[in-house]
Amino acid sequence: MERLHYQPIKQFRVKRGACSVADAWSVTKVTASSPAVEVMTDLRRIPAATIHYDVSLAEANHSMILRGVRMLFVTDADRHVVGIITASDLLGEKPTRVARERLMRHEELCVGDIMVAAEDLDAVSLADVLRAEVGHVIATLKHCCRQHALVVEPGPDGEPLVRGIFSASQIARQMGIPLQTAEVARTFAEIEAAIAS
C-alpha cells in the first residue's frame, strides 16, 4: 500500500488590526438565479432542531427560543420525523381552535396536537435541488402555500432521509428583504417585489 506524503499548508502572519472574526449569523446574499442549495439549511452541517411529539406547547416554544429557530422537526421515539411545528403554529390561533374542538384546556395540548403531520408536508428531492435555482424554490413554496419545504434524499437503507429544509423567511433574509411578518402571502409578495426590482 502506497504511503501518502502530505505537505503542510502554506502559512502567513496575520497583521494586527487587519483581520476580523467571521459573523456566524451573517448570511450569504443571493438572487433568484443563485443555486438553490445556497438557501437550503443542510442538516449534515447544521444539526436538526427536534422535539418529541408529546412535549407541551410551552416547552416547544421555550425550545425554539433557546435554539434561535422558528421551526422544529417533530419526532417519535425512533427519531422518525412525524411532522413539524412552527412558531406560527404555537403562537397563532391553532392551539385555541384545537383546544376548543377537543374540549381541552390550552395547557393540556402537546406538540402532536397542533403539528403539521409528515403526510401533509411537501418535500423535494436533493437531486432536483442540486439542479435548481433560488427562483425555483420560491415558486415551489408559493405553489404549495407553505413557509417550509423538506429536502429529502435516499438514506443508507433506502428509506427517505430529510437532508435539508427551505424556509421562506430564510430565503428573504438571504435576498436582503426585511420581513415584518411571518404571513405566507406577505412573505412571497415581498420576495417577488425584490426579484422584480
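By convention here, the first residue in the shown sequence is residue 1.
- Between the CD1 atom of Ile165 and the CD1 atom of Ile46 there is a distance of 11.5 Å, given to the nearest 0.5 Å.
- Within the 4.5 Å cutoff, the side chain of Glu59 has no heavy atoms near those of the Ser63 side chain.
- A donor-acceptor distance shorter than 3.5 angstrom exists from the side chain of Thr140 to the backbone of His136, with no hydrogens or angles considered.
- Hydrophobic clustering, with ILVMFWY side chains joined whenever heavy atoms are under 4.5 angstrom apart, groups Ile171 together with Leu130.
- Linking Ile, Leu, Val, Met, Phe, Trp and Tyr whenever their side-chain heavy atoms come within less than 4.5 Å puts Val134 and Leu141 in one cluster.
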Asp128 vs Arg131, salt bridge (Lys or Arg N to Asp or Glu O under 4.0 Å): CA-CA, chis, key distance, verdict: CA-CA 5 Å; Asp128 290 339; Arg131 294 188 299 268; 2.5 Å; yes
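- Contacts classified as side-chain hydrogen bond (donor to acceptor under 3.5 Å, both in side chains) and involving residues 105-117 (residues at least two apart or in different chains) are given here: Arg102-Asp113, Arg105-Glu107.
- In terms of hydrophobic clustering, with Ile, Leu, Val, Met, Phe, Trp and Tyr side chains grouped at heavy-atom distances under 4.5 Å, Met175 and Val37 are assigned to a common cluster.
- Put simply, CG on Leu43 and CG on Leu161 are 8.5 Å apart, with the number rounded to the nearest 0.5 Å.
- Once rounded to the nearest 0.5 Å, the distance linking CG of Leu126 with CZ of Arg163 reads 5.5 Å.
- A continuous path of hydrophobic side-chain contacts links Val151 to Ile138 [ILVMFWY only; heavy atoms under 4.5 Å].
- Cluster membership check: Val124 does not share its hydrophobic cluster with Val152, using side-chain heavy-atom separations under 4.5 Å among Ile, Leu, Val, Met, Phe, Trp and Tyr.
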side-chain contact (heavy atoms from CB on, under 4.5 Å) evaluation trace for Thr86 with Gln147: CA-CA 9 Å; Thr86 67; Gln147 280 276 63; over 6 Å; no
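- Summarising the hydrophobic clusters (Ile, Leu, Val, Met, Phe, Trp, Tyr; side-chain heavy atoms under 4.5 Å, direct or chained), the residues clustered with Leu72 are Ile51, Tyr53, Val55, Leu57, Met64, Val69, Val74, Val82, Ile85, Leu90, Leu91, Val98, Met104, Leu109, Val111, Ile114, Met115.
- Using a distance-only test at 3.5 Å, with no hydrogens or angles considered, no donor-acceptor pair links the side chain of Glu38 to the main chain of Gln174.
- For Asp78 (side chain) and His80 (main-chain N/O), no donor-acceptor pair under 3.5 Å exists by modelled atom type.
- Here the side chains of Asp122 and His143 are not in contact, with every heavy-atom distance at 4.5 Å or above.
- Side-chain contact between Ser88 and Lys94 is absent, with no heavy-atom pair separated by less than 4.5 Å.
- Judged by distance alone, the side chain of Arg67 and the main-chain N or O of Thr50 form a donor-acceptor pair under 3.5 Å.
- Residues Gln170 and Met71 form no side-chain contact, since every pair of their non-hydrogen atoms from C-beta on lies 4.5 Å or further apart.
- Side chains of Val116 and Leu121 form a contact here, defined as non-hydrogen atoms less than 4.5 Å apart.
- Put simply, OG1 on Thr75 and NE2 on His52 are 6.0 Å apart, with the number rounded to the nearest 0.5 Å.
- The environment of Glu93 atom CD is sparse: at most 12 non-hydrogen atoms of other residues, nucleotides or ligands sit within 6.0 angstrom.
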